[in-house]
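The structure under discussion appears below in the form of C-alpha cells.
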Amino acid sequence: MTSTVKFVFSNTKYFLMAIIIFISMLFGLLILSEYIFLEPYVVSHLPSGTEFGFVLIVIISALSALVLPMNVFRITILKKSKQKMSGGIVGSVIGAAAGACSCGPVGFAVISTFGSVGATASAFLTNYEIPIRIVAIGILVLTYFTTLKSLKIECKLNS
C-alpha cells in the first residue's frame with residue numbers, strides 16, 4: 001500500500017500537485033469557515049470550542065491532496081494503455097465539495113438570495129457542518145482505498 005503511494009508521489013508533477021491542492025483547499029476552507037480573515041489585514045482566529053472543526057478541515061485538505069493526484073495518475077496511466085476506466089474521481093470531488101459546506105459570509109450572501117429556502121439551507125448547513133465534514137472524510141478515505149485497489153489491479157502496480 002505504501003509503495004504504491006511512494007511510486008505515484010515519486011514523480012515531481014504529482015507531488016507538486018498534492019502540495020498545491022493541500023495549500024489551496026486548506027486556505028480556501030479556512031477563509032470560508034472564518035478561521036482566517038483577509039480584511040483589514042490577514043488575521044487568523046481559532047475560537048475556543050472550534051478546534052475539532054479546524055482539525056477536520058486540515059484532514060479533508062490532506063486527504064484531498066492525497067487522493068486527487070493519485071486519481072490523475074490513474075487516469076493518465078489508463079489513457080496511455082487504452083483500458084476502460086471505472087469511476088473513482090467522482091468520490092474525490094464529492095468528498096472535497098462536502099468539506100466546503102461552511103456558512104461563512106460568502107455562503108450567507110449566496111443563500112440569502114433564495115429567501116426562505118436559503119434560510120432553511122443555511123440553518124441545515126450550520127447545524128450539521130461537523131457531521132457533513134466527517135462524512136466527507138469517510139468518502140475521501142473510501143476513495144483512497146478504491147484508488148489504491150484500482151492502481152494495483154487496473155494499472156498493474158505491485159505493492
Side-chain angles (χ1 to χ4, degrees), residues 1-38 42-47 49-107 110 124-159:
M1 190 159 66
T2 58
S3 64
T4 305
V5 175
K6 285 181 184 177
F7 180 75
V8 171
F9 290 106
S10 65
N11 187 335
T12 310
K13 178 173 88 171
Y14 298 106
F15 184 71
L16 289 175
M17 184 186 303
I19 290 172
I20 291 169
I21 290 170
F22 176 74
I23 291 171
S24 62
M25 281 200 64
L26 181 67
F27 284 108
L29 290 174
L30 289 177
I31 290 169
L32 285 175
S33 298
E34 296 180 340
Y35 289 112
I36 295 177
F37 300 95
L38 300 176
V42 179
V43 178
S44 176
H45 177 64
L46 186 61
T50 62
E51 296 86 4
F52 187 60
F54 177 80
V55 170
L56 290 177
I57 288 173
V58 173
I59 292 170
I60 287 172
S61 300
L63 285 173
S64 296
L66 181 67
V67 169
L68 290 173
M70 288 175 63
N71 275 302
V72 171
F73 176 81
R74 178 178 160 259
I75 290 168
T76 304
I77 294 294
L78 291 177
K79 278 188 178 180
K80 288 180 183 176
S81 67
K82 307 253 194 263
Q83 284 183 339
K84 182 184 173 194
M85 265 188 296
S86 61
I89 199 151
V90 174
S92 304
V93 173
I94 291 172
C101 65
S102 177
C103 290
V106 175
V110 172
F124 177 80
L125 292 176
T126 301
N127 290 336
Y128 297 107
E129 181 176 6
I130 299 295
I132 291 172
R133 286 191 178 145
I134 292 172
V135 168
I137 289 171
I139 292 170
L140 285 168
V141 168
L142 180 67
T143 304
Y144 170 74
F145 286 113
T146 304
T147 303
L148 276 179
K149 182 180 175 185
S150 173
L151 285 171
K152 290 177 186 175
I153 294 171
E154 294 173 356
C155 300
K156 310 269 190 287
L157 295 180
N158 296 324
S159 56

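The analysis underlying the following values was restricted to heavy atoms, covering all of them including side chains, and did not include hydrogens, waters or symmetry mates. Because the structure is a prediction, the values reported are computed rather than measured.
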**Q.** Within-4.5 Å side-chain heavy-atom neighbours: Met70 and Leu148
**A.** yes
**Q.** Leu66 side chain reached by Val5 side chain, heavy atoms, under 4.5 Å
**A.**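 SC-SC contact between Val5 and Leu66 confirmed.
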Taking only residues two or more places apart in sequence, or in another chain, which ones meet [X] in a side chain to side chain contact (heavy atoms under 4.5 Å, CB included)?
X     : answer
Ala62 : Phe22
Ile59 : Val55, Leu63, Ile137
Phe54 : Leu30, Tyr35, Leu46, Val58

Q: For Leu151 and Ile77, run side-chain contact (heavy atoms from CB on, under 4.5 Å): C-alpha distance rounded to whole Å, both residues' side-chain angles, the deciding distance at 0.1 Å, then the answer.
A: CA-CA 9 Å; Leu151 285 171; Ile77 294 294; 5.7 Å; no
Q: Starting from the C-alpha separation in whole Å, work towards a yes-or-no answer on side-chain contact (heavy atoms from CB on, under 4.5 Å) for Ile134 and Phe52.
A: CA-CA 11 Å; Ile134 292 172; Phe52 187 60; 4.1 Å; yes
List the atom of [X], the atom of [Y], and the distance in Å for their closest heavy-atom pair.
X      : Y      : answer
Ser33  : Ile57  : OG-CD1, 3.4 Å
Leu142 : Thr146 : O-OG1, 2.7 Å
Pro69  : Phe9   : CB-CE2, 3.8 Å

Q: Starting at CG of Leu56, measure out to CD1 of Ile130 and round the result to the nearest 0.5 Å.
A: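 The distance works out to 5.0 Å.
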Q. Could you give the distance from CZ (Arg133) to CG (Leu140), rounded to the nearest 0.5 Å?
A.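 Going from CZ on Arg133 over to CG on Leu140, the span is 13.0 Å.
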Q) Mind checking whether Phe7 and Phe73 have parallel, tilted or perpendicular rings, split at 30° and 60°? A) perpendicular
Let me have the donor-acceptor pairs involving side chains of residues 13-21, under 3.5 Å, with sequence neighbours excluded, atom names and distances please.
none

Q: Indicate yes or no for a side-chain donor-acceptor contact from Ser64 to the backbone of Ile60 under 3.5 Å, with no hydrogens or angles considered.
A: yes
(Q) With a sphere of 6.0 Å drawn around CZ of Phe37, does it hold more than 12 non-hydrogen atoms of other residues, nucleotides or ligands? (A)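 It does: Phe37 CZ has more than 12 such atoms within range.
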